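Here's the structure we're looking at; comments come further down.
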Number of protein chains: 2
Amino acid sequence: MDKNNRLQSNPMNKGSHSLGRLFLQLRRLERQPQNFGNAGSITPSEIHTIEGIGYEGAILMNELATHLGVTKGAVSQLIVRLEAKQLVMRSSYPHDSRAILISLTEKGKEAYKAHEEMHIQFYDQLRSELSQEEIEIFEKCIEKLNGFLQK
Amino acid sequence: MDKNNRLQSNPMNKGSHSLGRLFLQLRRLERQPQNFGNAGSITPSEIHTIEGIGYEGAILMNELATHLGVTKGAVSQLIVRLEAKQLVMRSSYPHDSRAILISLTEKGKEAYKAHEEMHIQFYDQLRSELSQEEIEIFEKCIEKLNGFLQK
DNA sequence: TAATTATAGTTTAGCATCTAAACTTATTGT
DNA sequence: ACAATAAGTTTAGATGCTAAACTATAATTA
């Protein structure tokens, strides 16, 4: 295509463009089911849910919805599927009989750990190509981004 | 919940955790339709498509699919919708009568520009809270990430 | 040249993910 | 006790994607 025809060729905006490509990559990743442990194929939404549960140990549907940034209805549906796959289990919450505590089964914990291991390896790979100082600045930037997007 | 029960409490992994939260934020963002220009409500997939077209000026279905990292079928469906919204138009490609060139209508260009403007403002906001050096390191890290995820 | 193979794009069926809203059941506040 | 609120479930419908079958054109090869 004719590159002179581009609507945008602002050189100041190169960083924004890299970020844009990263978004597309992440969108692609977030569509790809994967195997974690021997739990079979797990979709991105499922693994995020497992991550949220595993991080807390046990969590209410409510809290999980807030953590994931989705409605309680969405979480309810996910938990049905994860329970069917025997990755999570429900138990009652002593202080409020309406509430339901979700926790990981042994199989779920395996998947959780395999996923964490993957994260750690990924991060190690990044660390191996950057200095300690660069990593710290990167993390600071990520925190800033998190702050902006919070709203 | 009992924080001592956490499956993961590795302090070395804090950066990975921030990155995880960023992913969740982005997932949430990427579900939210927005208004750009006076083109009405535009979904994330639609705006990514418009961005890909606008950046090149005119592009083949084929190339667009590669750029977005989706199948040609997905692009075909998106273009149908964007054409119905009068944001893009099809024209024939001189060298190959099978191929179809997609470009933006005036309304599409408006949406494109409004979206770019948003990106630039977002990036300016980030820049205002970081030093020039920090920005450069951040961009380097983004490039690294892009490299990793390419595979 | 005629037949085969490859390529560009479209269409369709089906899956995954989510929301909004209606619903059930339990809790809280007056 | 009663009304309002809160936790979770269910359902219908939107979105966004893939895989695979399909049409039409182009390129290759026998």
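Below, read A as the first sequence line, B as the second, and so on, with proteins coming before strands; counting in each chain starts at 1. Note that the structure is predicted; figures quoted are calculated from it, not measured. Hydrogens, waters and symmetry mates are skipped; everything else that's a heavy atom, side chains included, is used.
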Whole angstroms only, please: what is the [atom1]-[atom2] distance between [X] and [N]?
| X | N | atom1 | atom2 | answer |
| --- | --- | --- | --- | --- |
| Ile59(B) | dA8(C) | CD1 | P | 13 Å |
| Ile100(B) | dT7(C) | CD1 | P | 18 Å |
| Leu64(B) | dT10(C) | CG | P | 11 Å |
| Ile42(B) | dA14(D) | CD1 | P | 20 Å |
| Leu60(A) | dT9(D) | CG | P | 11 Å |
| Asn62(B) | dT25(D) | CG | P | 17 Å |

| Heavy-atom contacts under 4.0 Å between residues 65-85 of chain B and DNA chain D, which residues? | Val70(B), Thr71(B), Ala74(B), Gln77(B), Leu78(B), Arg81(B)

| request: Identify, residue by residue, the members of residues 24-39 of chain A with a heavy atom below 4.0 Å from DNA chain D, and return them in order of residue number, or none. | output: Arg27(A), Arg31(A)

| message | Taking the ring centre of each residue, are Phe23(A) and His48(B) less than 6.0 Å apart? | response | no

| query | Does Tyr55(A) have its ring centroid less than 6.0 Å away from the ring centroid of His67(A)? | reply | no

| Can a salt bridge be assigned to the pair Lys109(B) and Glu116(B) using a cut-off of 4.0 Å between side-chain N and carboxylate O? | no

| Is Glu110(A) salt-bridged to Lys107(A), cutoff N-O under 4.0 Å? | no

| Side chains of Ser18(A) and Glu143(B), donor plus acceptor under 3.5 Å | yes

| field | Polar side chain donor-acceptor pair, Gln125(B) to Glu129(B), under 3.5 angstrom | value | no

| note | When Glu46(A) and Arg90(B) are each assigned the nearest nucleotide of DNA chain C, the 5'-most assignment goes to Arg90(B)

| task | Report yes if a side-chain nitrogen or oxygen of Thr43(B) is closer than 4.0 Å to either non-bridging phosphate oxygen (OP1 or OP2) of dG16(D); otherwise report no. | result | yes

| message | Does a side-chain N or O of Ser97(B) approach OP1 or OP2 of dA24(D) to a distance below 4.0 Å, or not? | response | no

| request: Mind telling me whether Phe36(B) and His115(B) have parallel, tilted or perpendicular rings, with 30° and 60° as the class edges? | output: perpendicular

| query | Roughly how far, to the nearest 0.5 Å, is CD1 of Ile50(B) from CD1 of Ile102(B)? | reply | 12.0 Å

| said: Taking the minimum atom-to-atom distance to the side chain of Arg98(B), which one of dG9(C), dA7(D), dA24(D) wins? | reply: dA24(D)

| For Arg127(B), does its backbone N or O pair with a side-chain atom of Lys144(A) as donor and acceptor, under 3.5 Å? | no

